[in-house]
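Notes for the one structure printed next.
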Amino acid sequence: MDQLFDHAASSNGIIVRVSASYLPEQSQVSEGRWFWAYHIRIENVGDEPAQLISRHWRITDALGRVSLIDGDGVVGEQPLLQPGQSHDYVSGCPLETSCGSMEGHYTFRRADGSLFEAAIPFFPLEAPATARGN
């Protein structure tokens, strides 16, 4: 099952696994727009429940331009993960260059109300050579 995911980070009892795919059908290379989908699996390997409250992304393109994205939950949800449970979702990322990267963290709330962060691993976004444009 874990072979599906290319990148993983473990922190504070949470494992975040990521796999990214270039989507040529969503990209418009001639207009300088490349698009990737990424699949995330969040696993609670700790011994207490944890609710995902928010996300923080750092997205960097090939020219070094950085976008910081913060928001509540993931794709409109704030899943509560019991020990041993996981949550999967798929989202997307457009860039104005044919490659870049993403990384970040999720903020979780424990049952006692305390907050903690779980790392989202660094992962590259790379279009195939045939989709690089000029």
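Worth knowing before you read on, the calculation uses all heavy atoms, side chains too, and leaves out hydrogens, waters and symmetry mates. The model shown is predicted, which means the values in this text are computed figures rather than measured ones.
- Between L23 and A37, the shortest heavy-atom distance links the atoms CD1-CB, 3.6 Å.
- At a threshold of 4.5 Å between side-chain heavy atoms, the hydrophobic network of Ile, Leu, Val, Met, Phe, Trp and Tyr places V90 and L125 in two separate groups.
- Summarising the geometry of Y22 relative to P128, their closest heavy-atom pair is CD2-CD, 3.3 Å, with the distance given to 0.1 Å.
- Both I59 and Y89 belong to a single network of hydrophobic side chains, linked directly or stepwise wherever heavy atoms of I, L, V, M, F, W or Y lie under 4.5 Å apart.
- One finds the OG atom of S27 at 8.0 Å from the CZ atom of F35 (value rounded to the nearest 0.5 Å).
- Nearest heavy atom pair, residue T97 against residue A62, reads OG1-N, 3.0 Å.
- Criterion: ILVMFWY side-chain heavy atoms under 4.5 Å apart, direct or through other members. Under it, I69 and Y106 are part of a common hydrophobic cluster.
- With values rounded to the nearest 0.5 angstrom, R58 atom CZ is found 10.0 Å from S67 atom OG.
- Other residues, nucleotides and ligands contribute at most 12 non-hydrogen atoms within 6.0 Å of the CZ atom of R109.
- Distance alone, capped at 3.5 Å, is enough to place a donor-acceptor pair between the W34 side chain and the A131 backbone.
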Test side-chain contact (heavy atoms from CB on, under 4.5 Å) applied to I14 and F108, step by step: CA-CA 10 Å; I14 302 291; F108 283 84; 4.1 Å; yes
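- The side-chain heavy atoms of S91 and V74, taken from C-beta on, include no pair separated by under 4.5 Å.
- Nearest heavy-atom pair, R33 versus P94, reported as atom, atom and distance to 0.1 Å: NH2-CB, 4.0 Å.
- Between H7 and P124 there is a side-chain heavy-atom pair separated by less than 4.5 Å.
- Residues passing the salt bridge (Lys or Arg N to Asp or Glu O under 4.0 Å) test with D72: none are found, sequence neighbours excluded.
- Note: the hydrophobic cluster containing F123 also contains V75 (ILVMFWY, side chain heavy atoms under 4.5 Å, direct or indirect links).
- A heavy-atom distance below 4.5 Å is not found between the side chains of L52 and H87.
- Summarising the geometry, atom CG belonging to N44 is positioned 12.0 Å from atom CD belonging to Q51; distances are rounded to the nearest 0.5 Å.
- Checking side-chain atoms of N12 against main-chain N and O of A118 turns up no donor-acceptor pair under 3.5 Å.
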Working for side-chain contact (heavy atoms from CB on, under 4.5 Å), residues T107 and H56: CA-CA 8 Å; T107 299; H56 171 79; over 6 Å; no
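- Residues W57 and Y38 bring their aromatic ring centres within 6.0 Å.
- Considering every non-hydrogen atom in both R41 and S86, the closest pair reads CG-CB, 4.2 Å.
- Partners of R65 according to the salt bridge (Lys or Arg N to Asp or Glu O under 4.0 Å) rule, which considers only residues two or more places apart in sequence or in another chain, are D61, E96.
- Residues I53 and L68 do not share a hydrophobic cluster, clusters being chains of Ile/Leu/Val/Met/Phe/Trp/Tyr side chains in contact below 4.5 Å.
- To the nearest 0.5 angstrom, F5 atom CZ is 8.5 Å from I40 atom CD1.
- Closest approach of P83 and P49 over heavy atoms only: CD-N, 3.8 Å.
- S30 meets the side-chain hydrogen bond (donor to acceptor under 3.5 Å, both in side chains) test with no other residue; sequence neighbours excluded.
- For the atom pair CZ of R55 and CD1 of I120, the computed distance is 9.0 Å after rounding to the nearest 0.5 Å.
- Atom NE2 of H105 and atom OG of S54 lie 6.5 Å apart (nearest 0.5 Å).
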